[in-house]
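Written out below as structure tokens is the structure these notes cover.
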Amino acid sequence: MSDRREAPPEKTLERIIGERRDKGTALRGHGHHPYRNDISPRDAIAAVRARYLPSKPEVPNEAITPVDGELLCVAGRAMSKRGFGKTVFVPIRDGSAADIQLYVNIEHLAADDFAQVLPQLDAGDLVCAEGPVFWTKRGELSILVKRLWILTKSLRPLPDKWHGLTDVEQRYRQRYVDLAVSPDVQDVFRLRSRIVRGVRAFLDRRDFLEVETPMMHPIIGGAAARPFATHHNALDMPLFMRIAPELYLKRLVVGGFDRVYEINRNFRNEGLSRKHNPEFTMLEFYRAYATYRDLMDLTEEMVGQLADEVVGSRKLTWDGHELDLAAPWRRLSVLEAVRELGGVAEADAVFADPLLAAECAVTHGVPAADVVLALLEGLPAGSEVSPAVFAETVAAFKNPGERPRVARALVERYPSEEVRLIRAGHLGYQLFEATAEQKLIQPTFLTEYPLAVSPLARRNDARPQFCDRFELFVAGREIANGFSELNDPDDQRARFQAQVQAKAAGAAETMDYDEDYCRALEVGMPPTAGEGIGIDRLVMMLTGQASIRDVILFPLMRPE
RNA sequence: GGGCCCAUAGCUCAGUCGGUAGAGCACCGGCCUUUUAAGCCGAGGGUCGAAGGUUCGAAUCCUUCUGGGCUCACCA
């Protein structure tokens, strides 16, 4: 044995990349650029398939006879390469989402291409082929290749051709590979594109104007969520990535755009889950001289049409649920949902009495801190509770023996009838979330939201503790949120004030006071209804995907 | 952030009681002129996610870390 060291073994992947690189070099040696850009296909594979499908012979044809004399030219990614010595089969796939097989045979292919190009071809390469089509004796439409070019030499091997890419982490991180080998994944994103186009077409037909409003906001508004904070250098100004476009869109309604919509990203600085990605796509639209009831009708029509166009049916399966989108959808008030679905018999009393509501909420598992926060709703400016006192109160409230006394003290602290109702409504809504939300499987419009959880919605004329608002639930998930807009500037100022106080009392997700928005309302906003629809969730529903990451091309991941 | 689970060849996965690494596909060489998960013969390919620890000996047991999945919380 010699003491000469063995060269360190190359890893498999490095070896394969090296071999493929060498094939690129070999192509150059024969005068072919391995990343050439001087050849274009003339025919989309899907069109070729559609055109020649009628020519499929009834009985298999042993002879290799072109269907007609036309030379076709197709290009796409080689999905595999099956060699038989003097015959090689190469199925290719192009952007028309179709495959066709190249039949490469020494007797038909140009001699130089067979000797110089074919040996350098690997699965994964982008190739172009020219020749007539024929049917093989196994009944497969194929290109009888006369000329063959490698347009782009691929250096990395494709994943297992049978299993595809199954590791979900790699599918999201290397979406280009996932898409290249998985037609099903491509289909989801093609459908997503059709859905978004369908939404635009639906709204455009109804004279809505598509607009783009700022995505960097100087103050937080339009929703209850924590924002991403950023900074503008030249202006030395803090900015927030928007959590909702709502307040800008309504400024446009003030300006005379009676029907506007925007489809774009919102950003919310919260946890990730199957239902949440920090950036997500939201449709918001506003229609003057309409009410939330008009928008429920519109939503039913729009989602139903999208289902017809994209799924071809109003019945679909999502996350294990058989759904029926046929109109009309059930309409149910929050109070009714608590009573009927949540099984809370005393629901009517709950929404009128904060003490009963607090007790009921605790019984159904609402966290003590949330209950206490609701019971502090409506305190006059300047009497906010400090974080220390808040923590003490929550601790006392958690003790069943002390709870009635603590709750009574909180309720009596500002015992106007209006505030009592607001607090009861807030607690009633938390009761809804705890008892009924998950049971809303078939499409359901939940209506008449408590005022406390709807700072931008119009107060109901008959029952001022509720708002003219709805949310659409399907499979226990919120899909849409709409309401008649609050256009009374004085009421809006009071609601903003309540938000500011809730933040001071410890609520994490609140809006800032937007004085310019109030000024806009003072100019006068026509009676208007507005709605937001989560496009990602809509796409999930219509494509049957259980995870939001499967409808977002590049979901947020930790760095590799 | 909490709980549960996962990480072995380029890909998909085995790996028993702790005894020093396996298969299929891919890749490389050979045969093959209608295949389609082509077939047959042969060869190569591994820091077993990372770092510590226990042990004569660790892919295997323990600890920590990293990344991911599900779930809870928060939210839409």
Side-chain angles (χ1 to χ4, degrees), chain A residues 8-20 22-23 60-65 79-91 99-109 114 122-124 134-142 144 155-173 177 181 222-226 243-244 266-284 365 367 369-370 433 437 471-473 477-481 507-509 532-538 540 546-549 555 557-560:
Chain A
E10 253 183 320
K11 289 172 121 177
T12 310
L13 179 59
E14 288 165 3
R15 200 200 76 229
I16 291 172
I17 290 174
E19 286 163 357
R20 286 171 168 243
D22 291 345
K23 289 177 182 174
N61 188 357
E62 292 285 335
I64 294 172
T65 48
M79 302 311 294
S80 66
K81 182 185 184 186
R82 292 188 291 275
F84 290 77
K86 299 185 175 61
T87 292
V88 178
F89 292 93
V90 183
D99 290 13
I100 196 165
Q101 170 175 275
L102 305 183
Y103 175 83
V104 185
N105 178 281
I106 192 168
E107 290 179 16
H108 299 88
L109 181 64
F114 196 90
D122 289 307
F134 75 107
W135 293 93
T136 67
K137 70 182 180 191
R138 295 296 180 93
E140 178 86 19
L141 186 67
S142 307
L144 179 57
L155 297 183
R156 289 181 180 269
L158 294 176
D160 186 290
K161 68 185 169 197
W162 183 242
H163 298 95
L165 194 56
T166 59
D167 182 84
V168 290
E169 181 179 353
Q170 273 196 50
R171 288 190 41 228
Y172 300 145
R173 287 194 193 279
V177 176
V181 299
R226 278 184 296 196
I243 57 175
N266 288 348
F267 308 86
R268 299 193 182 174
N269 205 340
E270 274 141 16
L272 290 75
S273 80
R274 263 179 2 145
K275 302 173 194 171
H276 302 90
N277 195 62
E279 55 177 303
F280 62 100
T281 301
M282 181 72 111
L283 160 70
E284 282 201 12
D370 293 345
E433 291 181 315
E437 186 172 12
E471 288 192 341
L472 171 63
F473 284 85
R477 290 172 169 88
E478 185 195 331
I479 301 290
N481 174 22
E509 287 104 16
I533 297 182
I535 293 294
D536 310 277
R537 287 188 182 171
L538 182 67
M540 285 169 70
S547 172
I548 197 168
R549 296 182 155 202
M557 305 282 281
R558 284 195 170 83
E560 263 181 284

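Lettering of chains follows the sequences in order, A, B, ..., and the numbering in each one begins at 1.
Contact annotation for A:Glu19: backbone-only contact, meaning every heavy-atom pair under 4.0 Å involves sugar-phosphate atoms and none involves a base. As judged by a 4.0 angstrom heavy-atom cut-off over every strand, A:Asp99 is placed among residues making no nucleic acid contact. Counting any heavy atom pair closer than 4.0 Å across all strands shown, A:Gly271 reaches a base atom. Nucleic acid contact class of A:Asp536 (heavy atoms, under 4.0 Å, all strands): none. Counting any heavy atom pair closer than 4.0 Å across all strands shown, A:Ala63 reaches a base atom. Contact annotation for A:Ala224: backbone-only contact, meaning every heavy-atom pair under 4.0 Å involves sugar-phosphate atoms and none involves a base. Counting non-hydrogen atoms under 4.0 angstrom, A:Gly532 reaches nothing in the nucleic acid. Residue A:Arg173 is in sugar-phosphate contact alone, with no base atom involved, counting any heavy-atom pair closer than 4.0 Å across all strands shown.
Straight-line distance between the P atoms of B:rU60 and B:rG52: roughly 14 Å, to the nearest whole Å. B:rA21 and B:rU64: their P atoms are spaced 29 Å apart (whole Å). Comparing B:rC6 with B:rC74, their P atoms sit 28 Å apart, to the nearest whole Å. Between B:rU55 and B:rU16, the distance separating the two P atoms is 23 Å to the nearest Å. Distance check on atom C1': B:rG46 versus B:rU54 gives 25 Å, rounded to whole Å. Taking atom P in both B:rG44 and B:rA50, the straight-line distance is 25 Å, to the nearest Å. Spacing of C1' atoms, B:rC4 relative to B:rC13, comes out at 23 Å, to the nearest Å. Comparing B:rA9 with B:rA14, their P atoms sit 12 Å apart, to the nearest whole Å.
Protein atom CG of A:Leu102 is 13 Å distant from nucleotide atom C1' of B:rU36, rounded to whole Å. With rounding to whole Å, A:Arg171 atom CZ is found 15 Å from B:rG68 atom P. Counting to the nearest Å, the P atom of B:rC70 and the CG atom of A:Asp167 are 12 Å from each other. B:rA37 atom C1' lies 18 Å from atom NZ of A:Lys81, rounded to whole Å. If you take CZ of A:Arg82 and C1' of B:rA37, they are 9 Å apart, rounded to a whole angstrom. The CD-C1' distance, from A:Glu433 to B:rA76, rounds to 11 Å in whole Å. Regarding A:Arg226, its CZ atom lies at a distance of 11 Å from the C1' atom of B:rA73, rounded to whole Å. Atom CD1 in A:Ile548 sits about 18 Å away from atom P in B:rC74, given to the nearest Å.
Using a 4.5 Å heavy-atom threshold, the side chains of A:Ile17 and A:Arg20 count as separate. Residues A:Arg268 and A:Phe280 form a side-chain contact, since some pair of their non-hydrogen atoms from C-beta on lies under 4.5 Å apart. With contacts defined as side-chain heavy-atom distances shorter than 4.5 Å, the pair A:Pro159/A:Gln170 does not qualify.
The side chain of A:Glu140 approaches B:rU35 more closely than any other nucleotide in the set B:rU35, B:rU33, B:rC27. Among B:rA76, B:rC28, B:rU33, the nucleotide with an atom closest to any side-chain atom of A:Thr87 is B:rU33. Distance from the side chain of A:Tyr103 is smallest for B:rU33 among the nucleotides B:rU33, B:rU36, B:rA26. In the set B:rA37, B:rG67, B:rA76, the nucleotide with an atom closest to the side chain of A:Glu478 is B:rA76.
Base pairing of B:rC17 is not made with any nucleotide, judged by Watson-Crick or G-U wobble geometry with both donor-acceptor distances under 3.5 Å. Base pairing annotation: B:rA7 forms a Watson-Crick or G-U wobble pair with B:rU66, both donor-acceptor distances under 3.5 Å. Taking a pair to require two hydrogen-bonding distances under 3.5 Å in either a Watson-Crick or a G-U wobble arrangement, B:rA73 remains unpaired.
With rounding to the nearest 0.5 angstrom, the CD1 atom of A:Ile535 is 13.5 Å from the CE atom of A:Met540. Rounding to the nearest 0.5 Å places OG1 of A:Thr87 at 12.0 Å from CZ of A:Arg82.
At B:rG10, none of the side-chain N or O atoms of A:Arg20 fall inside 4.0 Å of OP1 or OP2 (strictly under the cut-off). Checking the phosphate oxygens (OP1, OP2) of B:rU36, a side-chain nitrogen or oxygen of A:Arg138 falls inside 4.0 Å. Between A:Arg477 and the phosphate of B:rA76, there is no side-chain N or O to OP1/OP2 separation shorter than 4.0 Å. At B:rU12, one or more side-chain N or O atoms of A:Thr166 fall inside 4.0 Å of OP1 or OP2 (strictly under the cut-off). The shortest distance between the side-chain N/O atoms of A:Lys23 and the OP1/OP2 oxygens of B:rC28 is below 4.0 Å. Between A:Arg15 and B:rG44 there is no side-chain polar atom (N or O) within less than 4.0 angstrom of OP1 or OP2. A close approach under 4.0 Å does not occur between any side-chain nitrogen or oxygen of A:Gln170 and OP1 or OP2 of B:rG67. At the phosphate of B:rA76, OP1 or OP2 sits under 4.0 Å from a side-chain N or O atom of A:Arg268.
Just one of A:Trp135, A:Phe84, A:Phe134 meets the ring-ring contact (aromatic ring centres under 6.0 Å, His included) condition when paired with A:Tyr103; it is A:Phe134.
Under the 3.5 Å distance criterion, the side-chain polar atoms of A:Glu270 are left unmatched by any main-chain donor or acceptor of A:Ala225.
Remark: ring of A:Phe84 does not overlap the six-membered base ring of B:rC32 in a stacked fashion, as centroids less than 5.5 Å apart with planes less than 30° apart are not both met.
Between A:Glu270 and A:Arg558, the residue anchored nearer the 5' end of RNA chain B, judged by the nucleotide with its closest heavy atom, is A:Arg558. For the pair A:Ala223 and A:Pro91, nearest-nucleotide mapping onto RNA chain B gives the more 5' position to A:Pro91.
The pair A:Asp122-A:Lys81 fails the salt-bridge criterion, with no side-chain N (NZ, NE, NH1 or NH2) lying under 4.0 Å from an Asp/Glu carboxylate O.
Donor-acceptor pairing under 3.5 Å, judged by distance alone, is present between the side chain of A:Asp160 and the base of B:rG24. Counting atom types as modelled, A:Gln101 pairs a side-chain N or O with a base atom of B:rU35 as donor and acceptor under 3.5 Å.
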*Can you list the steps and then say if A:Arg156 with A:Leu13 is a side-chain contact (heavy atoms from CB on, under 4.5 Å)?*
CA-CA 8 Å; A:Arg156 289 181 180 269; A:Leu13 179 59; 3.7 Å; yes

